[in-house]
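Keep in mind that this is a model prediction, so the values were computed, not measured. What you see below is based on every heavy atom in this structure, not just the backbone, and it leaves out hydrogens, waters and symmetry mates.
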Amino acid sequence: MQTVRDIRHNNEGIVIPSGFKANGWADVLPHEMNVLFQAFCYVVTKYETKAEMEQALDELKALEGTFATPTVDMFKSEQDFEGYVKLLNKHKAFFQRSNYEYPNSREEAIQLFSKWGLLLDKGDVWDIPVYPFPDVTGLFKLTEAEQLALSYVKLEALVHPMFSKLVMQLHEQEENSFSYSKADLKAMLNTNDEMLAEVLIKLTPYLEEPIDNMLDIPEDEKMSFTVVWERVYEDFLGQQYTGKNLQ
């Protein structure tokens with residue numbers, strides 16, 4: 001098993017395992033547990049002993065008030081309070097369906113993290129797995145709709161970095177129109193047929209015209225397509241490619 005403490009010195013910033021999002025945790029855990037997990041990623045990356053980690057958790061402002069029973073005075077309006085309580089009750093029901101008690105304190109949340117394998121208690125220190133990372137589908141009772149939604153999350157977690165790589169490489173050429181075969185693109189992305197198909201499907205909304213019969217085109221036949229970069233800037237690349245980089 002590879003853990004955060006194994007790789008933390010090889011990375012800049014905080015190590016947050018990609019499996020946390022890819023394996024569904026960011027979608028099924030409530031906000032306060034998401035925040036707590038990211039706080040653990042921070043202290044495990046930065047500190048050497050459990051005592052130091054506990055002290056750092058105590059001092060994090062983001063954790064103040066977490067797991068406290070919500071009251072109206074904690075919110076800007078009664079409407080915000082009611083919305084939070086409704087969402088909290090939804091998470092509690094989700095936990096109960098899988099025979100877990102919703103945590104009432106940080107300590108109880110830590111016990112659940114340890115039970116699920118998100119947090120590794122090594123006696124005098126905590127650690128977090130990087131690979132393999134626990135999967136929500138093996139630990140919770142999910143409806144068909146939830147399973148379908150999490151399958152999409154997992155697929156997107158695989159496709160998105162590859163899509164990002166393709167967009168970056170195309171953008172670096174300072175062109176709008178391109179001509180590549182599937183073999184060319186697979187070599188560029190170091191991927192297989194199935195994943196390339198998903199990437200091309202994800203690219204389609206950003207093209208001036210869809211590629212005709214895209215999935216049936218032979219491996220070595222060139223595909224011509226034009227990227228509408230403005231759509232990419234709006235939906236994907238954000239501000240880092242605006243201004244002087246606009247074509």
**Message:** Between Phe67 and Glu108, does the side-chain contact (heavy atoms from CB on, under 4.5 Å) criterion hold? Intermediate values first, please.
**Reply:** CA-CA 10 Å; Phe67 305 104; Glu108 290 181 7; over 6 Å; no
**Request:** Might you confirm whether atom OH of Tyr131 has over 12 heavy atoms from other residues, nucleotides or ligands at distances under 6.0 Å?
**Result:** no
**Request:** Step through the shown structure and confirm whether more than 12 heavy atoms of other residues, nucleotides or ligands are within 6.0 Å of CD on Glu82.
**Result:** yes
**Message:** Would you say that more than 12 heavy atoms from the other residues, nucleotides or ligands in this model lie under 6.0 Å from the CD of Glu59, or not?
**Reply:** yes
**Complete:** Between Asp216 and Lys182, the two heavy atoms sitting closest are N-NZ, 4.1 Å
**Complete:** Looking only at heavy atoms, the pair that brings Ala157 and Ala22 closest together is CB-CB, 3.5 Å
**Request:** Taking only Lys NZ, Arg NE, NH1 and NH2, and the carboxylate oxygens of Asp or Glu, determine whether Arg8 and Glu48 approach each other closer than 4.0 Å.
**Result:** yes
**Asked** Could you give the distance from CD (Gln111) to CG (Leu119), rounded to the nearest 0.5 Å?
**Response** 11.5 Å
**Asked** Taking only residues at least two apart or on different chains, which pairs with a member in residues 185-197 satisfy side chain to side chain donor-acceptor pair (under 3.5 Å)?
**Response** Lys186-Asp193, Lys186-Glu219
**Message:** A side-chain contact here means heavy atoms from C-beta on lying under 4.5 Å apart; do Phe37 and Pro17 qualify?
**Reply:** yes
**Asked** Got Val136 and Asp27 here, is their nearest side-chain heavy-atom distance under 4.5 Å?
**Response** no
**Prompt:** In chain order, what residues pass the side-chain contact (heavy atoms from CB on, under 4.5 Å) check against Asp127, with sequence neighbours excluded?
**Reply:** Thr3, Val4, Arg5, Val44, Leu120, Lys122
**Asked** Run the side-chain contact (heavy atoms from CB on, under 4.5 Å) check on Tyr47 and Gln55 step by step: do they pass?
**Response** CA-CA 10 Å; Tyr47 297 96; Gln55 182 178 345; over 6 Å; no
**Request:** Assess whether side-chain hydrogen bond (donor to acceptor under 3.5 Å, both in side chains) is satisfied between His171 and Tyr233, documenting all intermediate values.
**Result:** CA-CA 11 Å; His171 191 274; Tyr233 301 142; 3.2 Å; yes
**Prompt:** Would Trp126 and Phe40 count as a close aromatic pair, with their ring centres under 6.0 Å?
**Reply:** yes
**Request:** For Glu32, enumerate each residue passing the side-chain hydrogen bond (donor to acceptor under 3.5 Å, both in side chains) test, keeping only those at least two apart in sequence or located in another chain.
**Result:** Tyr102
**Fill in**
CZ (Phe178) and CG (Leu185) are apart, to the nearest 0.5 Å, by 11.0 Å
**Request:** Spell out, as yes or no, whether a donor-acceptor pair under 3.5 Å connects the side chain of Arg231 to the backbone of Pro205.
**Result:** yes
**Request:** May I ask you to test the Thr204-Met214 pair for a side-chain heavy-atom distance under 4.5 Å?
**Result:** yes
**Prompt:** In terms of the angle between their ring planes, are Phe163 and His160 parallel, tilted or perpendicular, with boundaries placed at 30° and 60°?
**Reply:** tilted
**Message:** Between Glu156 and Lys202, does the side-chain contact (heavy atoms from CB on, under 4.5 Å) criterion hold? Intermediate values first, please.
**Reply:** CA-CA 10 Å; Glu156 180 66 10; Lys202 188 174 177 68; 2.7 Å; yes
**Item:** Co-membership, hydrophobic cluster, residues Leu196 and Leu215, 4.5 Å side-chain
**Value:** yes
**Complete:** d(His31 NE2, Leu88 CG) to nearest 0.5 Å is 12.5 Å
**Asked** Under the 3.5 angstrom rule, does the side chain of Trp229 hit a backbone N or O of Glu175 as a donor-acceptor pair?
**Response** yes
Review item, side-chain donor-acceptor pairs of residues 68-76, under 3.5 Å, at least two apart:
from  : atom 1 : to    : atom 2 : distance (Å)
Thr71 : OG1    : Asp73 : OD1    : 2.6

**Prompt:** Roughly how far, to the nearest 0.5 Å, is the CG atom of Leu112 from the CD atom of Glu107?
**Reply:** 12.0 Å
**Asked** Would Phe94 and Leu148 show up in the same hydrophobic cluster when neighbours are defined by side-chain heavy atoms closer than 4.5 Å?
**Response** no
**Check: Val167 and Val232 side chains under 4.5 Å, non-hydrogen atoms** = yes
**Hydrophobic cluster identity match, Ile201 and Val153, side-chain contacts under 4.5 Å** = no
**Request:** State, yes or no, whether a side-chain contact exists between Pro134 and Trp25 at a heavy-atom distance under 4.5 Å.
**Result:** yes
**Complete:** Of all heavy-atom pairs linking Ile217 and Ile211, the shortest is CD1-CG2, 3.7 Å
**Asked** How would you list, by chain and number, every residue that makes a side-chain contact (heavy atoms from CB on, under 4.5 Å) with Ala39, sequence neighbours excluded?
**Response** Leu57, Leu60, Leu63
**Item:** For Lys154, all residues meeting salt bridge (Lys or Arg N to Asp or Glu O under 4.0 Å), sequence neighbours excluded
**Value:** Asp135
**Prompt:** For the residue pair Asp6 and Met1, what are the closest heavy atoms and their distance?
**Reply:** OD2-O, 3.6 Å
**Request:** Please say whether more than 12 non-hydrogen atoms of neighbouring residues, nucleotides or ligands are located less than 6.0 Å from CD in Glu221.
**Result:** yes
**Cluster check Tyr84, Phe81: I/L/V/M/F/W/Y, side chain < 4.5 angstrom** = yes
**Message:** Measuring only between side-chain heavy atoms, which start at C-beta, is Trp116 closer than 4.5 Å to Phe140?
**Reply:** yes
**Request:** Give a yes or no on this: more than 12 heavy atoms of other residues, nucleotides or ligands lie within 6.0 Å of atom NZ of Lys222.
**Result:** yes
**Item:** Heavy-atom side-chain proximity of Phe225 to Val227 below 4.5 angstrom
**Value:** yes
**Prompt:** Atom CG in Leu36, atom CD1 in Ile110: separation rounded to 0.5 Å?
**Reply:** 6.0 Å
**Item:** Same cluster (ILVMFWY, side-chain, under 4.5 Å), Met223 and Val228
**Value:** no
**Request:** Locate the shortest heavy-atom distance separating Ile128 from Leu118; write the atom from each residue and the value.
**Result:** CG2-O, 3.7 Å
**Asked** Within the distance-only criterion (no hydrogens, no angle test), does the side chain of Ser177 pair as donor or acceptor with the backbone N or O of Thr226 below 3.5 angstrom?
**Response** no
**Candidate pair Lys141 and Asn99, rule side-chain contact (heavy atoms from CB on, under 4.5 Å), full reasoning** = CA-CA 9 Å; Lys141 296 177 181 177; Asn99 299 315; 3.4 Å; yes
**Fill in**
In this structure, CD1 of Ile16 is separated from CD of Gln38 (nearest 0.5 Å) by 4.5 Å
**Prompt:** Are any non-hydrogen side-chain atoms of Ser181 and Pro218 less than 4.5 angstrom apart?
**Reply:** no
**Complete:** Between Arg97 and Leu142 the two heavy atoms that sit nearest each other are NH1-CA, 3.8 Å
